[in-house]
Enquirer: 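Following this message is one structure expressed as structure tokens.
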Amino acid sequence: MGKEFLNLMDPDDVKQIISSLNIERRIETVKLDNAHQRVLAEDVYAAIDLPPFDRASMDGYAVRAQDTFGASEDDPVILTLIEKIRAGDVPSQKVVEGTCSEIGTGAPMPEGSDAVVMVEVTDLKQNQVEILEAVTPGTNRAIRGSDIKKGEFLLSQGTFLTADKIGALSAIGLKEILVFAKPTVAVISTGNELIKPDEDLRPGKLYDINSESIANAVKSCGCLPLTASIVKDDYESLKNKIDSYKHADIIITSGGTSAGAGDVLSQVVEDTGKILVHGISVKPGKPTLIGTLPGKDVDVVLFGLPGYPVSAIMIFHAFVAPFLRDIAGVKEFMEKREGFISQLSRRYHSARGRSHYALVRIEGNIAHPILKDSGAITALAEADGYFEIPKNVEIIEKGEQIKVMPLSGL
């Protein structure tokens, strides 16, 4: 008669056992161009002021604001153009009374100027610029350090590095960053009947499904799958394969967990480590096994999934995936990756006549609009997602429900 399961456990009790398992987190340094979808292992502070100099936030003319006072379409102020400044240029002329410099968005403000008149409210005639609208000091000018000052906090340890967050890190000149090493997960399929997809299908054999499906599911949880492999369903073969992967953080097997005479995983784990769970009161996936094995420095966690592909993947998503996401540091991000409904924290005014995408920071079920201009890198660092306002909507009231979309997905 086949060996009975040790104990059919309630799913909630199994989840409690899984949540108590510890995986030592390692830290490594990666170059910023390899940091996508990694998890910060340190708090990051700005190494420079942003912007690093006073700059124009509009195309137009850098002026002394006082020279424009009283300007109108009927009575324009006329200034002499002394220089053209593009982004990346260094101004060479000082703006003095009665003069101005043509300037592009992002270009450094020339000495003597304190505002930018938008090109739309000017008229250029040879080297004379007619100013049709007055400006006040600071208009269309971004002050050095107005986005973030050198030494100020930018991103916290545990931040999942999406494209927008990496953009913020790039803006402060970082070349490399400390991140948590991805937990390593060995994936093993057991069964005498299993063959690799590149082999010829022979009588009595089946192509292995679980190795690749589970390995890719591991990737989607922010972990690093080791080479997926197939092993015969006998004690020595399985024990040797498991021993060869004890440098991993986690081992996931599929098959060899039920009470049949040919299923030997429980015996291997019992002989070399400790069985924590063998049998869960669920359908599908009842014969799931969870245990620990002595590793090189710390215990290795082993999840023994059922052999049937549907059962294996269901148990993976219900029990294993949340654990992997947690130890990989991507749990919070993954919970936000699908579009979700949230409440707006304040009234929001949209751009008239245009579809509008607004960045938001999420706290619980509340979405806080990030009210910074499009050049503010810190807006990307703060943002959890965005929502769209249709072009025929000008105001969204506080408390209205909006659909928030994440900026990236794993």
Side-chain angles (χ1 to χ4, degrees), residues 25-58 62 85-91 103-111 113-116 137-181 222 329-330 332-333 336 345-346 357-363 367-386 404 406-408 410:
R25 301 187 97 183
R26 300 179 302 279
I27 294 174
E28 61 185 8
T29 301
V30 298
K31 293 186 181 300
L32 202 59
D33 57 4
N34 291 322
H36 187 236
Q37 295 189 343
R38 301 303 296 272
V39 179
L40 269 179
E42 61 178 344
D43 291 340
V44 175
Y45 297 82
I48 59 173
D49 291 327
L50 282 180
F53 47 79
D54 292 358
R55 67 180 183 182
S57 56
M58 289 283 184
I85 310 167
R86 298 177 178 84
D89 290 347
V90 177
I103 195 165
T105 301
M109 295 286 291
E111 184 182 356
S113 65
D114 60 5
V116 174
T139 301
N140 300 321
R141 177 184 65 160
I143 302 296
R144 174 175 177 167
S146 58
D147 188 0
I148 189 169
K149 294 186 182 299
K150 182 179 179 179
E152 285 187 347
F153 175 80
L154 181 64
L155 291 172
S156 63
Q157 181 191 73
T159 297
F160 184 74
L161 294 176
T162 49
D164 45 300
K165 303 299 186 283
I166 291 175
L169 295 174
S170 298
I172 61 172
L174 285 183
K175 296 179 181 178
E176 55 186 26
I177 197 74
L178 288 179
V179 297
F180 289 111
V330 303
E332 185 176 345
F333 175 80
K336 296 177 180 178
S345 67
R346 54 170 294 164
Y357 296 93
L359 293 172
V360 291
R361 175 174 54 85
I362 300 299
E363 288 185 352
H368 300 273
I370 297 175
L371 304 177
K372 294 188 177 182
D373 65 43
S374 59
I377 296 298
T378 46
L380 294 177
E382 294 172 16
D384 294 310
Y386 66 91
V404 178
L407 289 168
S408 185
L410 199 57

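Not measured: the values here are computed from a predicted model.
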Enquirer: Quick check: closest heavy atoms across G138 and A115, and the distance to 0.1 Å?
Expert: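 It is N-CB, 4.1 Å.
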
Enquirer: To the nearest 0.5 Å, what is the distance between CE on M58 and CD1 on I103?
Expert: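 Going from the CE atom of M58 to the CD1 atom of I103 covers 13.0 Å.
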
Enquirer: Taking all non-hydrogen atoms of both residues into account, name the closest pair between I85 and P108 and its distance.
Expert: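 Taking I85 first and P108 second, the nearest heavy atoms are CG2-O, 3.9 Å.
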
Enquirer: Does I362 offer a backbone N or O that forms a donor-acceptor pair with the side chain of D384 under 3.5 Å?
Expert: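 Flag set: sc D384 to bb I362 pair under 3.5 Å.
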
Enquirer: Hey, does the side chain of D89 reach the backbone of R86 with a donor-acceptor pair shorter than 3.5 angstrom?
Expert: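 Checked: pair present.
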
Enquirer: Calculate, to the nearest 0.5 Å, the distance between atoms CD1 and CZ belonging to I370 and R361 respectively.
Expert: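 With rounding to 0.5 Å, CD1 (I370) is 7.0 Å from CZ (R361).
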
Enquirer: Any donor and acceptor pair, going by atom type alone, linking the side chain of D49 with main-chain N or O of K150 inside 3.5 Å?
Expert: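 A pair under 3.5 Å: yes.
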
Enquirer: Inspect the surroundings of OH in Y357 and state if more than 12 heavy atoms from other residues, nucleotides or ligands are less than 6.0 Å away.
Expert: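 Atom OH in Y357 is not packed in, count stays at 12 or less.
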
Enquirer: Which atom pair, heavy atoms only, marks the closest approach of A35 to I166?
Expert: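 Nearest heavy atoms, A35 then I166: C-CD1, 3.7 Å.
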
Enquirer: Determine, stepwise, if the pair E152 / T378 fulfils side-chain contact (heavy atoms from CB on, under 4.5 Å).
Expert: CA-CA 11 Å; E152 285 187 347; T378 46; over 6 Å; no

Enquirer: Over all heavy atoms of both residues, which pair between V360 and Y386 is shortest? Give the atoms and the distance, please.
Expert: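 Of all heavy-atom pairs spanning V360 and Y386, the closest is CG2-N, 4.1 Å.
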
Enquirer: D147 versus P51: any side-chain heavy-atom pair under 4.5 Å?
Expert: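 SC-SC contact between D147 and P51 confirmed.
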
Enquirer: Could you give the distance from CG (L154) to CD1 (I148), rounded to the nearest 0.5 Å?
Expert: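 It comes to 4.5 Å.
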
Enquirer: Where is the tightest heavy-atom contact between I172 and Y45, given as atom of each residue plus distance?
Expert: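 Smallest interatomic distance, heavy atoms only, reads CD1-O, 3.9 Å.
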
Enquirer: Write down the atom of A171, the atom of L50, and the distance for their closest heavy-atom approach.
Expert: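 Scanning both residues completely, I find the closest heavy atoms to be O-CD2, 3.4 Å.
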
Enquirer: Look up atom CD1 in I48 and atom NZ in K149, then write down how far apart they are to the nearest 0.5 Å.
Expert: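 NZ of K149 is found 13.0 Å from CD1 of I48.
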
Enquirer: Mind checking the CD1-CE spacing from I143 to M109? Nearest 0.5 Å is all I need.
Expert: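 It is 8.0 Å, given to the nearest 0.5 Å.
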
Enquirer: Measure the CZ-CD1 distance between R38 and I177 for me, rounded to the nearest 0.5 Å.
Expert: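 The CZ atom of R38 sits 12.0 Å away from the CD1 atom of I177.
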
Enquirer: Taking Q157's backbone N and O only, do any of them form a donor-acceptor pair with E42's side chain (distance below 3.5 Å, no angle check)?
Expert: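 Checked: no pair found.
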
Enquirer: Return yes if some donor-acceptor pair links the side-chain N/O of K165 with the main-chain N/O of A383 below 3.5 Å, else return no.
Expert: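 Here the side-chain-to-backbone pair exists.
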
Enquirer: Within the structure provided, determine whether T159 and V44 are in side-chain contact (heavy-atom separation under 4.5 Å).
Expert: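 No, every pair of side-chain atoms sits at 4.5 Å or beyond.
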
Enquirer: Decide side-chain contact (heavy atoms from CB on, under 4.5 Å) for F160 and Q37; before the verdict, give the C-alpha distance in whole Å, the side-chain angles of both, and the deciding distance to 0.1 Å.
Expert: CA-CA 6 Å; F160 184 74; Q37 295 189 343; 3.6 Å; yes

Enquirer: Is any side-chain heavy atom of L32 closer than 4.5 Å to one of K175?
Expert: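 Result no, sub-4.5 Å side-chain heavy-atom pair not found.
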
Enquirer: Checking L178 against T29 for the side-chain contact (heavy atoms from CB on, under 4.5 Å) test, could you report, in this order, the C-alpha distance in whole Å, the side-chain angles of both residues, the deciding distance, and whether it holds?
Expert: CA-CA 5 Å; L178 288 179; T29 301; 3.1 Å; yes

Enquirer: Can you check whether L161 reaches L169 side chain to side chain, under 4.5 Å on heavy atoms?
Expert: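 Side chain of L161 against side chain of L169, heavy atoms only: contact under 4.5 Å found.
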
Enquirer: Is the number of heavy atoms from other residues, nucleotides or ligands within 6.0 Å of CZ (R25) greater than 12?
Expert: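 Above 12, so yes.
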
